[in-house]
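Report on one structure; see the data block that follows.
Letters go in sequence order (proteins before strands), and every chain restarts at 1. These numbers come from a predicted model, not from an experiment.
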There are 2 protein chains.
Amino acid sequence: MNDDKRYEFRASIFKALANPLRLRILEKLSEKPWCVCALAAELHTDKSIISKYLSQLREVGLVEDEKRGTLVEYRLVAPCVLQAVSCAEQTIAEHKKRILGELDSLESPEQKG
Amino acid sequence: MNDDKRYEFRASIFKALANPLRLRILEKLSEKPWCVCALAAELHTDKSIISKYLSQLREVGLVEDEKRGTLVEYRLVAPCVLQAVSCAEQTIAEHKKRILGELDSLESPEQKG
DNA sequence: GAGTAATGTTGCAATGTTGACAAACAATAG
DNA sequence: CTATTGTTTGTCAACATTGCAACATTACTC
């Protein structure tokens, strides 16, 4: 795989993650497999949207589906992505804390050392 | 922070990551701090685009900047995000391998059990 | 088989967002 | 004042989001 493709591929994964509702779907799928209609009811969203979003997630390989009669059961394939979310969130919280600390030291300019 | 905001916040992080060039920038910043002009030269891209992309990354807290004369030095704040990239990529590679395996077993339908 | 209900997927249209490029503008060093 | 470095703005095309309607598939009943 060439370099450009590699980066586009990675970006496409994050593009699939770059939506609040899709993140909710993934979090639900991290608990157990869900069908479209159950997710639609759970998340108070039209089934067509849930179906489309699940397709997007499937295209980049984050979830997989399996037919069960009239149902289509979706399951999470890449659970480490959710860890990535909390990692990023945590790091950014740290960052903001640091910024606030810098503001504090500006307000009390006396130096201790 | 309420629930909706939390998910939108997470999504905004992934939105910032959902671009091949921004991923290249982050990878460069994982080596060392870079200024805008050096990144623009390295990545053969207009400085206005690099500047805008760095702003996006800064807004979600993935990088931070520091002025040095006429230069503005950017550094990575959340290096674990890069691990997230390779994690996702790896998992998806596994997924594709599995799909190919299933296709193979369809082509040779004899079962071993 | 025909009819019906439940579940998913796809197409369309309106609206909003993002991307890329060029040009103008701002800030700093000398 | 000039050169260097960064940021912002304007424009236009491309893409994303949302809700609704239409269609497809399966299971069940008669």
Side-chain angles (χ1 to χ4, degrees), chain A residues 4-5 7-26 28-29 32-77, chain B residues 4-5 7-26 28-29 32-77:
Chain A
D4 283 353
K5 289 274 180 190
Y7 282 92
E8 286 199 6
F9 187 54
R10 294 177 180 192
S12 72
I13 298 169
F14 289 116
K15 205 171 293 180
L17 295 170
N19 177 281
L21 186 50
R22 284 197 294 271
L23 289 177
R24 281 182 197 271
I25 291 174
L26 285 172
K28 286 294 169 193
L29 292 181
K32 63 174 185 186
W34 288 72
C35 68
V36 176
C37 66
L39 276 175
E42 179 80 10
L43 300 174
H44 311 98
T45 305
D46 195 275
K47 62 183 177 169
S48 71
I49 293 179
I50 300 290
S51 175
K52 277 175 201 170
Y53 280 4
L54 283 167
S55 292
Q56 287 178 257
L57 295 170
R58 188 184 48 207
E59 271 183 19
V60 300
L62 289 171
V63 307
E64 65 181 9
D65 63 338
E66 189 177 355
K67 284 204 154 190
R68 295 190 179 281
T70 62
L71 299 182
V72 178
E73 191 175 271
Y74 282 85
R75 77 183 68 242
L76 188 62
V77 175
Chain B
D4 284 353
K5 289 274 181 191
Y7 281 92
E8 286 198 8
F9 187 54
R10 294 176 179 191
S12 71
I13 298 170
F14 289 116
K15 206 172 290 179
L17 295 170
N19 176 281
L21 187 49
R22 285 198 291 272
L23 290 177
R24 281 181 197 273
I25 291 173
L26 285 172
K28 286 293 168 191
L29 292 180
K32 63 173 186 189
W34 288 72
C35 68
V36 177
C37 67
L39 275 175
E42 178 80 10
L43 300 175
H44 312 98
T45 306
D46 195 276
K47 62 183 176 170
S48 73
I49 292 177
I50 299 291
S51 172
K52 195 191 296 180
Y53 280 7
L54 283 167
S55 292
Q56 288 177 254
L57 295 170
R58 188 185 48 209
E59 271 182 21
V60 299
L62 289 171
V63 306
E64 65 181 8
D65 65 336
E66 190 177 355
K67 283 203 155 191
R68 296 188 179 283
T70 60
L71 298 182
V72 178
E73 193 177 272
Y74 281 86
R75 80 181 67 241
L76 189 62
V77 176

Margin query: Between B:S51 and B:S48 (side chain of the first, backbone of the second, donor and acceptor by atom type, cut-off under 3.5 Å), is there such a pair?
Written below: no
Next item on the list: Please state how far atom CD in B:E73 lies from atom P in D:dT5, giving the value in whole angstrom units.
Entry: 14 Å
Check: Does A:D65 reach the side chain of A:L54, with side-chain heavy atoms less than 4.5 Å apart?
Finding: no
Check: Under the 3.5 angstrom rule, does the side chain of A:R10 hit a backbone N or O of B:L17 as a donor-acceptor pair?
Finding: no
Check: CG of A:L39 versus C1' of C:dG8: gap in Å, rounded?
Finding: 13 Å
Check: Salt-bridged, A:R24 to A:E42, with N to O below 4.0 Å?
Finding: no
Next item on the list: Would you indicate whether the side-chain heavy atoms of B:Y74 and B:L57 approach each other to under 4.5 Å?
Entry: no
Margin query: Whole angstroms only, please: what is the CG-P distance between B:D65 and C:dT28?
Written below: 13 Å
Check: Within this structure, what is the CG-to-P distance between B:L43 and C:dA20, rounded to whole angstrom?
Finding: 13 Å
Next item on the list: To the nearest Å, give me how far apart CG (A:L71) and C1' (D:dT25) are.
Entry: 12 Å
Note to self: Can you tell me which residue among B:L71, B:I50, B:I49 is in a side-chain contact (heavy atoms from CB on, under 4.5 Å) with B:V36?
What the structure shows: B:I50
Next item on the list: Specify the separation, in whole Å, of atom CH2 of A:W34 and atom P of C:dG8.
Entry: 12 Å
Next item on the list: Rounded off to whole Å, could you give me the CD-to-P distance for the B:E8 and C:dG16 pair?
Entry: 16 Å
Check: Which nucleotide in the set C:dG8, C:dT28, D:dT25 lies at the smallest distance from any side-chain heavy atom of A:V72?
Finding: C:dG8
Notebook entry, point to check: Which of residues 14-21 of chain B have a heavy atom under 4.0 Å from DNA chain C?
Noted result: B:K15, B:N19
Notebook entry, point to check: For the side-chain contact (heavy atoms from CB on, under 4.5 Å) test, which of A:I25, A:T45, A:L26 pairs with A:Y53?
Noted result: A:I25
Next item on the list: Side-chain contact test, heavy atoms from C-beta onward, threshold under 4.5 Å: evaluate it for B:L29 versus B:L62 and give yes or no.
Entry: no
Next item on the list: Look at the side-chain N and O atoms of A:R22 and state whether any lies under 4.0 Å from the OP1 or OP2 oxygen of D:dT17.
Entry: yes
Next item on the list: Determine whether A:E8 and B:P20 make a side-chain contact, defined as any pair of heavy atoms from C-beta on separated by less than 4.5 Å.
Entry: yes
Item checked: Any residue of residues 46-60 of chain A with a heavy atom less than 4.0 Å from an atom of DNA chain C -> A:K47, A:S48, A:S51, A:K52
